Every structure is written in C-alpha cells, then in structure tokens.
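Inspection log for the structure reproduced underneath, given as structure tokens.
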Amino acid sequence: MASRKGSHQSRGNGDKYSVLLPTYNERENLPLIVWLLVKYFGESGYNYEIIVIDDGSPDGTLEVAEQLQRIYGEDKILLRPRAKKLGLGTAYIHGIKHATGNYVFIMDADLSHHVSGSPREGGYDLVSGTRYRGDGGVYGWDLRRKLISRGANYVTQVLLRPGASDLTGSFRLYKKEVLESLVERCVSKGYVFQMEMIVRARQGNYSIGEVPISFVDRVYGESKLGGNEIVSFLKGLLTLFATT
C-alpha cells in the first residue's frame, strides 16, 4: 500500500486496492479490522474494496459481514463466501477472481497486522511484511509459537534459499497480474501457500520487497494453527525442495 505522501498521485493515476480477507470464526475481529481499513483508505484517499471470503464460519461471521456491507456499502464490502473450510490458499484464489483493483492486498482478519504498517509498492512486483528484519517483531506469542515460527523460517531458508526473510507471513501487497500468474503456478492449499508464493515469485524473477512489521497475537478467537497445519507445512516444504 502506498505511503500517504504519495496519496494524491494514487488518486490521480486510477490505482485501486483490493483487500482479500479470508475469515473463519472471526465475528469479533471482523468489524474492527474493516473499520480500521475503511478509516485508513478514507483518510489516505485511495480507491479500494474489501473482499470477505468466509469459509462457512459456524460463529456467524458471515452475518456480521452482511451487516458491515449494509453500513459501508456493497461497492466497498464484497462478500464472496464459501460453503465450508477449504484452505487459505484456495480462499485467495477464490478472492482474486472477484478483485477489480490493480493491486491486491492480503492480510489476516484477526487484527495481527496493523493497517498503518501496510506494505508499500516501491516499484516492486510483490512487497511482503517481515517480522524478522529491521525493527520487525512478534508480540503476544508464547515460546512454543515463537519456536515454531522461527524454526519453520530457518528450515525454509536452508532448503529453499528464497531471497526473503519471512516466508510464512500473510501481510503482502501484489500487483494483480503478478498474483494471478503466481496463483496459477501454486499447488499448495493451506498455510504453506504463503511460502510457495514467495518461492514461485523468485523462480519467475519477480522483484520482491520487504517492509519490517510488528505482528501482534490475536485478541479475540483462537489460532487456526494446529498439528494438521504443521504436518501440511512440512509436507509442502519437502515438495517444494524436491521440485524447485
């Protein structure tokens, strides 16, 4: 997302930002993150849309999203729900089909990512928020979560040498045509999707920029990271190591 300093230029050149928000049991967090996004975009003068991809949340997340759509308008809040939980990667694939912006912005809906710290274009094809460079960091995680994240990134760096410091993060900004190209080549469906996107971007010689971010653990709800996701990550890592 462009800096405020360049907001007048963004308004003039017709840029539009599509924000993809995959959700599952985020009824408490969704109103807050949407309000923050609307406030940021409104103050900055950017043209935008927020696409909510709910995977059949049993807690009523979709009903909350429908209320937000009535508040902010159907042109700003687009609802593209799916019948059941089908994975993070497929949620992004589903969302991009409905994106009308020339930049696509992905982030978590659980308030882990601060909107004011959004990645900027800077002329790159892809800009990723990183917790592991500069003044980036993680706040609110216990030692187990920190070890899992650090360990996953370390092993990935050794095996794949991706040219980026944070492969498991989900706070990124893509040029739409780049994201579409990468999605076509990715085979992962779950959390490993984020890692594969960076690896495929490197293979395709796309330029990758990084911006240090502060990642804050969710306030409401429970983390979706479990044993199945960890096993899936390891399988995906080995597959990428063998095929890239």
Side-chain angles (χ1 to χ4, degrees), residues 1-3 17 19-20 22 88-89 92 103-175 178-179 181-183 185-218 223-225 229-230 232-244:
M1 191 176 299
S3 65
Y17 297 88
V19 183
L20 304 187
L88 185 64
Y92 289 131
Y103 288 99
V104 179
F105 182 46
I106 66 173
M107 65 185 300
D108 293 339
D110 61 4
L111 300 175
S112 295
H113 302 137
H114 199 291
V115 176
S116 65
S118 305
R120 306 166 185 171
E121 299 109 68
Y124 294 101
D125 296 312
L126 154 63
V127 180
S128 178
T130 176
R131 298 161 290 181
Y132 305 123
R133 181 167 292 177
D135 57 358
V138 176
Y139 302 90
W141 275 2
D142 58 21
L143 180 60
R144 172 182 171 274
R145 285 291 303 276
K146 289 181 178 179
L147 288 176
I148 290 174
S149 179
R150 282 285 189 179
N153 263 286
Y154 176 77
V155 173
T156 302
Q157 295 291 337
V158 171
L159 293 181
L160 302 180
R161 301 188 182 280
S165 62
D166 191 344
L167 271 74
T168 58
S170 55
F171 197 31
R172 296 177 185 167
L173 179 66
Y174 294 85
K175 292 180 179 178
V178 172
L179 181 57
S181 174
L182 294 175
V183 161
R185 300 166 60 190
C186 283
V187 297
S188 305
K189 306 299 180 185
Y191 284 89
V192 74
F193 177 84
Q194 303 287 15
M195 177 176 66
E196 184 176 359
M197 291 289 279
I198 293 289
V199 173
R200 300 298 181 190
R202 183 206 62 192
Q203 283 185 325
N205 293 318
Y206 291 115
S207 57
I208 303 172
E210 290 191 309
V211 176
I213 62 168
S214 295
F215 179 97
V216 181
D217 195 20
R218 63 169 56 243
S223 170
K224 312 301 188 300
L225 180 64
E229 285 73 21
I230 294 174
S232 175
F233 173 85
L234 292 174
K235 288 181 178 178
L237 175 59
L238 293 175
T239 299
L240 286 176
F241 176 67
T243 59
T244 59

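All values reported here derive from a predicted model rather than from experimental measurement.
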Worksheet item: For Arg133, which residues count as a salt bridge (Lys or Arg N to Asp or Glu O under 4.0 Å) partner, sequence neighbours excluded?
Response: Glu210
Heavy atoms only: give me the nearest [X]-[Y] pair and the separation to one decimal.
X: Gln194; Y: Ser170; value: NE2-CB, 3.0 Å
X: Pro22; Y: Leu20; value: CD-O, 3.4 Å
X: Tyr103; Y: Leu173; value: CB-CD1, 4.0 Å
X: Pro212; Y: Gly134; value: CG-CA, 4.2 Å

Taking side chain to side chain contact (heavy atoms under 4.5 Å, CB included) as the definition, give me every residue that meets it alongside [X], ordered by chain and number, with sequence neighbours left out.
X: Ile208; value: Leu126, Ile198, Ala201
X: Leu147; value: Leu143
X: Val187; value: Glu196

Worksheet item: Is the backbone of Ala164 close enough, under 3.5 Å, to the side chain of Arg202 for a donor and an acceptor to pair up by distance?
Response: no
Discussion item. Taking the six-membered ring for Trp, are Phe105 and Phe171 closer than 6.0 Å centroid to centroid?
Written reply: yes
Worksheet item: Given the rule in the side chain to side chain contact (heavy atoms under 4.5 Å, CB included) test, do Leu167 and Met197 qualify, once you have shown the distances and angles that lead to the verdict?
Response: CA-CA 9 Å; Leu167 271 74; Met197 291 289 279; over 6 Å; no
Item to complete: Would you give the length of the straight line joining atom CG of Leu182 to atom CZ of Arg200, rounded to the nearest 0.5 angstrom?
Response: 9.5 Å
Discussion item. Distance check, rounded to the nearest 0.5 Å: Lys175 atom NZ versus Ser207 atom OG?
Written reply: 6.0 Å
Discussion item. Going by side-chain hydrogen bond (donor to acceptor under 3.5 Å, both in side chains), name the residues that satisfy it together with Thr130, two or more places apart in sequence or in a different chain.
Written reply: Ser165
Worksheet item: Is any side-chain heavy atom of Cys186 less than 4.5 Å from a side-chain heavy atom of Tyr92?
Response: no
